[in-house]
There are 2 protein chains.
Amino acid sequence: MATGRTHRPATRSRGIPEATVARLPLYLRALTALSERSVPTVSSEELAAAAGVNSAKLRKDFSYLGSYGTRGVGYDVEYLVYQISRELGLTQDWPVVIVGIGNLGAALANYGGFASRGFRIAALIDADPAMAGKPVAGIPVQHTDDLEKIIKGNGVSIGVIATPAGAAQQVCDRLVGAGVTSILNFAPTVLSVPDGVDVRKVDLSIELQILAFHEQRKAGEEALPDGLPASAAAARESTDKGPDGDVPAVMPA
Amino acid sequence: MATGRTHRPATRSRGIPEATVARLPLYLRALTALSERSVPTVSSEELAAAAGVNSAKLRKDFSYLGSYGTRGVGYDVEYLVYQISRELGLTQDWPVVIVGIGNLGAALANYGGFASRGFRIAALIDADPAMAGKPVAGIPVQHTDDLEKIIKGNGVSIGVIATPAGAAQQVCDRLVGAGVTSILNFAPTVLSVPDGVDVRKVDLSIELQILAFHEQRKAGEEALPDGLPASAAAARESTDKGPDGDVPAVMPA
DNA sequence: CCATCTTTGTGCACGCGTTCACAAAGACAT
DNA sequence: ATGTCTTTGTGAACGCGTGCACAAAGATGG
């Protein structure tokens with residue numbers, strides 16, 4: 001998972017668990033694909049396979065939404081697409097601004113996934129005066145000076161931050177000040193926001209580091225006899241200063 | 001959180017909880033910033049604030065690594081940077097290939113966060129023959145035909161997929177076939193991989209949909225009298241066919 | 001050497017999320 | 001109408017993650 005909720009630690013929104021909310025888009029995507037192939041109904045088993053989750057989990061997730069689905073048959077695809085869309089708030093469209101039109105910002109602007117599902121790019125904003133007026137993905141870039149005017153004028157409540165880390169908090173503050181209450185942050189920084197504002201972060205570097213951890217672990221186990229990586233771990237734990245392995249434990253203090 | 005582990009449901013790797021592993025990069029970033037300011041030691045309280053987490057959680061996380069830290073003083077910054085780097089496997093460098101050099105792939109290639117922390121872009125790969133040889137971020141793009149050769153020749157074990165959704169599974173299969181065991185997937189698809197291969201996914205569209213859900217909920221609560229959103233929920237739940245609200249419940253079957 | 005003060009490391013309890021396993025519900029055939 | 005068969009919806013148990021609260025450890029000053 002490339003993201004982590006920052007705010008709102010464990011608030012079950014209207015009785016729907018956060019973990020379930022995070023999976024709804026996954027189901028929606030699978031259902032949309034089925035819909036395009038004109039498949040009328042689908043069982044929890046099939047849909048779960050398509051979404052890459054356990055079928056029991058999927059049924060429980062749906063049970064939070066209501067009792068859609070027919071026993072012995074499955075779920076009506078079109079009906080479920082509609083219900084999930086409504087639950088996620090995708091029946092209305094959400095104007096979104098992207099701040100920071102560098103490589104990543106431009107990539108996001110060109111990303112088709114936005115428009116396809118209820119999201120509309122209301123504006124692209126950058127601090128570089130040279131960018132102003134230049135069209136990216138068919139939309140002219142506007143200058144940061146007009147940020148507040150743009151947000152308020154378009155009733156934007158969702159902002160995407162794709163600036164360098166150093167500018168992120170400042171941009172965030174201005175967005176929030178202008179009325180934005182949901183932020184998707186691509187800058188590698190911890191943003192601090194007032195209560196009531198949701199922040200989700202996407203961090204490429206963190207994802208890679210997590211993969212590296214598991215990769216290293218795989219490589220380590222491979223080198224061992226096989227089947228009992230516990231021996232090495234036990235040997236390490238027998239020392240009383242924690243798992244240092246073969247590393248010189250020079251504590252520079 | 002923009003990502004979710006697909007494989008390896010809850011395997012505590014070498015005793016370190018997955019949730020802790022996911023936070024280590026966060027701590028590392030904060031520590032690196034302190035290190036650059038030549039701060040010698042830091043307390044769990046300060047570091048936790050910088051990383052945006054609870055200080056008790058941070059201390060517990062570190063306790064899984066060992067008993068670094070000095071009571072009454074705090075943690076030695078340099079030492080901790082080294083220990084976490086080692087734990088994450090960042091003391092070696094990891095060659096990475098990026099497949100799919102469109103807007104997003106190019107943005108990733110240009111992203112500084114890669115090189116700065118143990119990751120080296122070994123190759124850029126694209127299926128478009130017109131891209132072949134063209135330099136992106138100073139690295140010439142190579143054609144998909146040579147994918148296996150590139151992977152094996154460079155000992156690559158981490159692959160990044162930035163292709164359109166339709167090509168992702170096929171690319172994934174070829175990467176895995178050539179020896180890649182960790183994949184970071186930006187394509188909006190569920191990848192299926194054999195056991196032993198880790199997949200993490202980053203999906204912009206999903207993140208936005210989760211934000212939209214919370215945004216909708218905020219807007220809904222705002223419209224209510226104040227303080228008792230339970231009334232509306234109760235009214236809905238009083239019907240026996242689940243929460244449909246004011247929506248025409250046409251069940252197309 | 002002793003007292004005090006700061007900060008770590010962790011035992012414990014609690015809540016969320018996952019999974020199993022099964023009863024209830026409906027479709028369908030006879 | 002009745003029985004059979006499929007698939008949903010959910011009660012219950014379990015495990016992981018979080019946060020509180022405190023005892024242990026060490027630094028520091030007298």
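For clarity, every value in this text was computed on a predicted model and none was experimentally measured. Proteins come first, then strands; the chains are lettered A, B, ... in the order of their sequence lines, and each starts at number 1.
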### Rounded interatomic separation in angstrom, taking CG from A/Leu65 and C1' from D/dT10
15 Å
#### Entry: Selection residues 184-193 of chain B - residue pairs positive for side-chain hydrogen bond (donor to acceptor under 3.5 Å, both in side chains), sequence neighbours left out
none
### Query
Taking all atoms of both residues into account, what is the closest heavy-atom pair of B/Val180 and B/Ser182, and its distance?
CG1-O, 3.3 Å
### Message
Expressed as a whole number of angstroms, how long is the span from B/Leu24:CG to D/dG17:P?
### Response
13 Å
### Task
Could you work out which one of C/dC20, C/dT18, C/dG17 sits closest to the side chain of A/Arg23?
C/dT18
### Message
Among C/dT18, D/dG17, D/dG19, which nucleotide has an atom closest to any side-chain atom of B/Asn54?
### Response
D/dG19
### Query
What is the distance from NZ of B/Lys57 to C1' of D/dA21, rounded to the nearest Å?
17 Å
#### Entry: Qualifying ring-ring contact (aromatic ring centres under 6.0 Å, His included) pairs with a residue from residues 23-42 of chain A, counting only residues at least two apart or across chains
A/Tyr27-A/Phe62
### Task
Name all pairs fulfilling the salt bridge (charged side-chain N to carboxylate O under 4.0 Å, His left out) condition that reach into residues 45-60 of chain A, sequence neighbours left out, sorted by first residue then second.
none
#### Entry: side chain to side chain donor-acceptor pair (under 3.5 Å) against B/Ser205, all qualifying residues, sequence neighbours excluded
B/Gln209
### Query
Whole-Å distance between D/dG17 C1' and B/Leu58 CG?
15 Å
### Message
According to salt bridge (charged side-chain N to carboxylate O under 4.0 Å, His left out), does anything in residues 21-33 of chain B pair up with another residue at least two apart or in another chain? List the pairs.
### Response
A/Asp203-B/Arg29, B/Arg23-B/Asp61
### Task
Measure from CG on B/Asp61 to P on C/dT8 and round the result to the nearest Å.
14 Å
### Query
Of the residues in residues 36-48 of chain A, which ones touch DNA chain D at a heavy-atom distance under 4.0 Å?
A/Ser43, A/Ser44
### Message
Please list, in numerical order, the residues of residues 26-34 of chain B that have a heavy atom closer than 4.0 Å to any atom of DNA chain C.
### Response
none
### Message
Does A/Lys60 contact C/dT18 through a side-chain donor or acceptor facing the base, at a distance under 3.5 Å?
### Response
no
### Message
Strictly below 4.0 Å: does A/Tyr75 bring a side-chain N or O up to OP1 or OP2 of D/dG9?
### Response
yes
What donor-acceptor contacts under 3.5 angstrom involve side-chain atoms of residues 31-41 of chain B, with partners at least two apart or in another chain?
| unit_1 | atom_1 | unit_2 | atom_2 | d |
| --- | --- | --- | --- | --- |
| B/Thr32 | OG1 | B/Leu28 | O | 2.7 |
| B/Thr32 | OG1 | B/Arg117 | NH2 | 2.7 |
| B/Ser35 | OG | B/Glu78 | OE2 | 2.6 |

### Message
Looking at every non-hydrogen atom in both residues, tell me the closest pair between A/Trp94 and B/Ala212 and how far apart they are.
### Response
NE1-CB, 3.6 Å
### Query
Which pairs pass side-chain hydrogen bond (donor to acceptor under 3.5 Å, both in side chains) with one or both residues in residues 159-173 of chain B, sequence neighbours excluded?
B/Gln169-B/Asp173
### Query
Can you list the residues that meet the salt bridge (Lys or Arg N to Asp or Glu O under 4.0 Å) rule with B/Asp93, with sequence neighbours excluded?
B/Arg120
### Nucleotide D/dC16, atom P - distance to OH of B/Tyr64 in whole Å
10 Å
### Under 4.0 Å protein heavy-atom contact, by nucleotide of nucleotides 23-30 of chain C - B base, S sugar-phosphate only
-BBSS---
### Message
Going by the rule side-chain contact (heavy atoms from CB on, under 4.5 Å), which residues pair with A/Ala48 if we only count those two or more places apart in sequence or in a different chain?
### Response
A/Val53, A/Ser55, A/Leu58
### Message
If you assign each of A/Arg59 and A/Ala19 to its closest nucleotide in DNA chain C, which residue comes earlier from the 5' end?
### Response
A/Ala19
